[in-house]
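Both backbone and side-chain heavy atoms feed into the values below; hydrogens, waters and symmetry mates do not.
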Amino acid sequence: EAVFFGPGITDVAGLREYASNKFGPLADRFLELYPAGNDQQANQSYLQAFSNELAWQMRQLARYQAPRGLAAWIYLFTHVPPGQEARGATHVSELAYMFNQHEQNPLWTANDQALANAMSTYWVNFARRTSPNGPDLPEWPAYRDNSLGNVLVLGDTIEAESTAVPSAAALEFFDAA
(Lines give C-alpha, C1' and ligand atoms only; values in the text may rest on other atoms or scores of the structure.)
Protein backbone atom coordinates (compact mmCIF):
# COMPACT_ATOMS: atom_id res chain seq x y z
CA GLU A 1 0.00 0.00 0.00
CA ALA A 2 2.61 2.54 1.04
CA VAL A 3 4.68 2.45 -2.16
CA PHE A 4 1.84 4.29 -3.92
CA PHE A 5 2.48 7.34 -1.73
CA GLY A 6 6.25 7.50 -2.30
CA PRO A 7 9.34 6.08 -0.65
CA GLY A 8 8.22 6.89 2.89
CA ILE A 9 10.80 6.88 5.65
CA THR A 10 14.19 6.03 4.18
CA ASP A 11 16.59 5.90 7.12
CA VAL A 12 17.11 4.45 10.59
CA ALA A 13 16.82 7.77 12.41
CA GLY A 14 13.58 8.57 10.60
CA LEU A 15 11.94 5.27 11.54
CA ARG A 16 13.02 5.56 15.15
CA GLU A 17 11.64 9.11 15.35
CA TYR A 18 8.42 7.99 13.67
CA ALA A 19 8.03 5.13 16.15
CA SER A 20 8.64 7.40 19.10
CA ASN A 21 6.30 10.15 17.92
CA LYS A 22 3.46 7.88 16.82
CA PHE A 23 3.61 5.07 19.35
CA GLY A 24 5.28 6.65 22.40
CA PRO A 25 5.70 3.96 25.07
CA LEU A 26 5.10 1.26 22.45
CA ALA A 27 7.95 2.48 20.21
CA ASP A 28 10.34 -0.29 21.28
CA ARG A 29 7.68 -2.91 20.59
CA PHE A 30 7.06 -1.34 17.17
CA LEU A 31 10.79 -1.49 16.37
CA GLU A 32 10.90 -5.16 17.36
CA LEU A 33 8.22 -5.89 14.77
CA TYR A 34 9.59 -3.42 12.23
CA PRO A 35 13.37 -3.30 12.77
CA ALA A 36 15.69 -0.54 11.65
CA GLY A 37 19.14 -2.15 11.55
CA ASN A 38 20.14 -0.15 8.47
CA ASP A 39 18.55 2.38 6.14
CA GLN A 40 17.26 -0.21 3.67
CA GLN A 41 15.70 -2.27 6.44
CA ALA A 42 14.19 0.86 8.00
CA ASN A 43 12.55 1.75 4.69
CA GLN A 44 11.18 -1.78 4.19
CA SER A 45 9.95 -1.84 7.79
CA TYR A 46 8.14 1.46 7.35
CA LEU A 47 6.47 0.30 4.13
CA GLN A 48 5.40 -2.96 5.80
CA ALA A 49 4.14 -1.19 8.92
CA PHE A 50 2.12 1.26 6.82
CA SER A 51 0.48 -1.57 4.90
CA ASN A 52 -0.14 -3.59 8.06
CA GLU A 53 -1.71 -0.67 9.88
CA LEU A 54 -4.03 0.03 6.96
CA ALA A 55 -5.04 -3.66 6.86
CA TRP A 56 -5.64 -3.54 10.63
CA GLN A 57 -7.88 -0.48 10.16
CA MET A 58 -9.94 -2.28 7.51
CA ARG A 59 -10.35 -5.25 9.83
CA GLN A 60 -11.50 -2.92 12.60
CA LEU A 61 -14.13 -1.36 10.34
CA ALA A 62 -15.37 -4.83 9.39
CA ARG A 63 -15.52 -5.92 13.03
CA TYR A 64 -17.71 -2.94 13.86
CA GLN A 65 -20.34 -4.15 11.38
CA ALA A 66 -21.07 -7.45 13.15
CA PRO A 67 -22.80 -5.96 16.24
CA ARG A 68 -25.06 -4.06 13.86
CA GLY A 69 -26.08 -7.33 12.19
CA LEU A 70 -24.21 -6.50 9.00
CA ALA A 71 -21.72 -8.69 7.16
CA ALA A 72 -18.48 -7.31 5.81
CA TRP A 73 -15.95 -8.70 3.37
CA ILE A 74 -12.24 -7.95 3.30
CA TYR A 75 -9.83 -8.61 0.48
CA LEU A 76 -6.09 -8.43 0.01
CA PHE A 77 -5.04 -7.62 -3.54
CA THR A 78 -1.65 -9.21 -4.25
CA HIS A 79 -1.62 -9.41 -8.04
CA VAL A 80 1.05 -7.25 -9.64
CA PRO A 81 -0.33 -5.65 -12.80
CA PRO A 82 1.85 -5.96 -15.91
CA GLY A 83 4.24 -3.04 -16.13
CA GLN A 84 4.19 -2.40 -12.37
CA GLU A 85 6.69 -5.05 -11.36
CA ALA A 86 9.03 -2.49 -9.76
CA ARG A 87 6.24 -1.12 -7.55
CA GLY A 88 4.26 -4.29 -6.95
CA ALA A 89 0.61 -4.47 -5.96
CA THR A 90 0.19 -0.94 -4.63
CA HIS A 91 -2.69 1.07 -3.24
CA VAL A 92 -5.44 1.36 -5.90
CA SER A 93 -3.76 -1.02 -8.37
CA GLU A 94 -6.83 -3.23 -8.02
CA LEU A 95 -9.24 -0.59 -9.35
CA ALA A 96 -8.78 -1.45 -13.03
CA TYR A 97 -9.54 -5.07 -12.12
CA MET A 98 -12.50 -4.20 -9.91
CA PHE A 99 -14.12 -2.23 -12.74
CA ASN A 100 -12.86 -4.66 -15.42
CA GLN A 101 -11.08 -1.91 -17.33
CA HIS A 102 -8.80 -4.05 -19.47
CA GLU A 103 -8.37 -1.17 -21.89
CA GLN A 104 -6.39 0.66 -19.19
CA ASN A 105 -3.44 -1.69 -19.63
CA PRO A 106 -2.70 -3.25 -23.03
CA LEU A 107 -0.23 -5.64 -21.34
CA TRP A 108 -2.97 -7.61 -19.58
CA THR A 109 -2.78 -11.37 -19.96
CA ALA A 110 -5.56 -13.96 -19.84
CA ASN A 111 -4.85 -14.25 -16.08
CA ASP A 112 -5.38 -10.50 -15.64
CA GLN A 113 -8.67 -10.71 -17.53
CA ALA A 114 -9.84 -13.70 -15.49
CA LEU A 115 -9.05 -11.85 -12.25
CA ALA A 116 -10.89 -8.76 -13.50
CA ASN A 117 -13.91 -10.84 -14.54
CA ALA A 118 -14.08 -12.43 -11.09
CA MET A 119 -13.55 -9.17 -9.20
CA SER A 120 -16.13 -7.23 -11.16
CA THR A 121 -18.60 -10.08 -10.66
CA TYR A 122 -18.00 -10.04 -6.90
CA TRP A 123 -18.68 -6.29 -6.79
CA VAL A 124 -21.84 -6.53 -8.92
CA ASN A 125 -23.10 -9.41 -6.77
CA PHE A 126 -22.54 -7.35 -3.65
CA ALA A 127 -24.38 -4.37 -5.11
CA ARG A 128 -27.31 -6.58 -6.10
CA ARG A 129 -27.60 -8.80 -3.02
CA THR A 130 -25.24 -7.46 -0.30
CA SER A 131 -23.12 -10.60 -0.73
CA PRO A 132 -20.27 -10.86 -3.20
CA ASN A 133 -20.61 -14.63 -3.60
CA GLY A 134 -22.19 -16.34 -6.56
CA PRO A 135 -21.91 -19.22 -9.03
CA ASP A 136 -18.51 -20.01 -10.53
CA LEU A 137 -16.62 -17.86 -8.00
CA PRO A 138 -14.38 -18.99 -5.17
CA GLU A 139 -16.21 -18.50 -1.87
CA TRP A 140 -15.48 -15.13 -0.27
CA PRO A 141 -15.84 -15.63 3.47
CA ALA A 142 -17.61 -12.94 5.47
CA TYR A 143 -15.17 -11.37 7.87
CA ARG A 144 -15.75 -12.45 11.46
CA ASP A 145 -12.53 -11.87 13.34
CA ASN A 146 -8.76 -11.98 12.98
CA SER A 147 -8.62 -15.75 12.73
CA LEU A 148 -7.11 -17.22 9.59
CA GLY A 149 -9.32 -17.64 6.54
CA ASN A 150 -11.55 -14.57 6.87
CA VAL A 151 -9.93 -12.51 4.11
CA LEU A 152 -10.07 -13.19 0.38
CA VAL A 153 -6.72 -12.96 -1.40
CA LEU A 154 -7.10 -11.63 -4.92
CA GLY A 155 -3.87 -12.60 -6.59
CA ASP A 156 -2.68 -14.95 -9.28
CA THR A 157 -5.22 -17.28 -7.71
CA ILE A 158 -8.31 -16.33 -5.71
CA GLU A 159 -8.63 -18.01 -2.35
CA ALA A 160 -9.20 -17.39 1.33
CA GLU A 161 -6.00 -16.42 3.08
CA SER A 162 -3.83 -19.30 4.24
CA THR A 163 -1.20 -17.03 5.81
CA ALA A 164 -2.17 -14.13 8.04
CA VAL A 165 -1.35 -10.75 6.52
CA PRO A 166 -0.67 -8.84 8.64
CA SER A 167 0.72 -11.28 11.15
CA ALA A 168 -1.02 -11.97 14.43
CA ALA A 169 1.79 -10.10 16.19
CA ALA A 170 1.22 -7.03 14.01
CA LEU A 171 -2.54 -7.12 14.61
CA GLU A 172 -1.96 -7.42 18.36
CA PHE A 173 0.45 -4.49 18.26
CA PHE A 174 -2.01 -2.21 16.48
CA ASP A 175 -4.76 -3.31 18.86
CA ALA A 176 -2.53 -2.26 21.75
CA ALA A 177 -1.56 1.00 20.06
Only pairs under 3.5 Å count here: list side-chain donor-acceptor contacts from residues 65-76, not counting sequence neighbours, and write none if there are none.
residue, atom, partner, partner atom, Å
Trp73, NE1, Trp140, O, 3.3
Tyr75, OH, Glu94, OE2, 2.7

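- Between the side chains of Thr109 and Asn111, no donor-acceptor pair of N or O atoms lies under 3.5 Å.
- Put simply, the side chain of Arg144 gets close to the backbone of Ala142: a donor and an acceptor are under 3.5 Å apart.
- In terms of heavy atoms, Ala36 sits closest to Gln41 at C-OE1, 3.6 Å.
- Under the 4.5 Å side-chain heavy-atom criterion for ILVMFWY residues, a single connected hydrophobic cluster contains both Leu95 and Phe77.
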Test side chain to side chain donor-acceptor pair (under 3.5 Å) applied to Asn150 and Ser147, step by step
CA-CA 7 Å; Asn150 289 317; Ser147 60; 3.1 Å; yes
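- Remark: side-chain polar atoms of Ser93 are paired, donor with acceptor, to backbone N or O of Thr90 under 3.5 angstrom.
- At least one side-chain heavy atom of Gln113 sits less than 4.5 Å from a side-chain heavy atom of Asn100.
- The distance from the CZ atom of Arg63 to the CG atom of Asp145 is 8.5 Å, given to the nearest 0.5 Å.
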Would you give me the side-chain donor-acceptor pairs under 3.5 Å for residues 162-177, sequence neighbours excluded?
residue, atom, partner, partner atom, Å
Ser167, OG, Ala170, N, 3.1
Asp175, OD1, Trp56, NE1, 2.7

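- In the hydrophobic cluster analysis, where Ile, Leu, Val, Met, Phe, Trp and Tyr join through side-chain heavy atoms closer than 4.5 angstrom, Leu47 is grouped together with Leu15.
- Within the model, atoms CG of Asp28 and CZ of Phe30 stand 11.5 Å from one another, a figure rounded to the nearest 0.5 Å.
- Counting heavy atoms of neighbouring residues, nucleotides and ligands inside a 6.0 Å radius, atom CD of Glu17 does not exceed 12 of them.
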Which is it for Tyr34 and Tyr46 under the ring-ring contact (aromatic ring centres under 6.0 Å, His included) test, yes or no, and what are the steps along the way?
CA-CA 7 Å; Tyr34 306 102; Tyr46 171 76; 9.6 Å; no
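- Atom CG of Asp136 is surrounded by 12 or fewer heavy atoms from other residues, nucleotides or ligands within 6.0 Å.
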With side chain to side chain donor-acceptor pair (under 3.5 Å) as the test, would you mind laying out the steps for Asn125 and Asn133 before giving the verdict?
CA-CA 7 Å; Asn125 288 346; Asn133 292 303; over 6 Å; no
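- Atom CD of Glu159 has more than 12 heavy atoms from other residues, nucleotides or ligands within 6.0 Å.
- Under a 3.5 Å cut-off, the side chain of Asn105 and the backbone N or O of Pro82 do form a donor-acceptor pair.
- Counting only heavy atoms from C-beta outward, the side chains of Leu115 and Leu154 approach each other to under 4.5 Å.
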Are Val151 and Arg59 close enough, and set up right, to give a side-chain contact (heavy atoms from CB on, under 4.5 Å), and what steps lead you there?
CA-CA 9 Å; Val151 174; Arg59 288 170 184 253; 3.5 Å; yes
Stepwise ring-ring contact (aromatic ring centres under 6.0 Å, His included) test for Tyr97 and Trp108:
CA-CA 10 Å; Tyr97 294 84; Trp108 271 23; 4.4 Å; yes
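- Listed for the Asp11 side chain is no donor-acceptor partner under 3.5 Å among the backbone atoms of Asp39.
- For the residue pair Arg87 and Gln84, no side-chain donor N or O sits within less than 3.5 Å of a side-chain acceptor on the partner.
- Counting heavy atoms from C-beta on, the side chains of Glu53 and Lys22 come closer than 4.5 Å.
- Classification of the Phe23-Tyr18 ring pair by plane angle, with boundaries at 30° and 60°, yields perpendicular.
- The closest side-chain heavy-atom distance from Glu161 to Leu152 is not below 4.5 Å.
- Val92 and Val80 are not part of a single hydrophobic cluster, where members link through side-chain heavy atoms under 4.5 Å apart.
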Please walk me through it: do His102 and Asp112 pass side chain to side chain donor-acceptor pair (under 3.5 Å)?
CA-CA 8 Å; His102 53 86; Asp112 292 288; over 6 Å; no
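- Grouping the Ile, Leu, Val, Met, Phe, Trp and Tyr side chains by contacts below 4.5 angstrom, directly or via other members, places Ile158 with Met119.
- Nearest approach of Ala89 to His79, heavy atoms of both residues: CB-O, 3.4 Å.
- Note: Gln60 CD to Asn146 CG = 7.0 Å, rounded to the nearest 0.5 Å.
- Val124 and Phe126 fall into different hydrophobic clusters, where Ile, Leu, Val, Met, Phe, Trp and Tyr residues are linked whenever their side-chain heavy atoms come under 4.5 Å apart, directly or through other members.
- Nearest heavy atoms, Pro138 versus Tyr122: O-OH, 2.5 Å.
- At most 12 heavy atoms of other shown residues, nucleotides or ligands fall within 6.0 angstrom of atom CZ in Arg128.
- In this structure, Ser45 contributes its side chain and Pro35 its backbone to a donor-acceptor pair below 3.5 Å.
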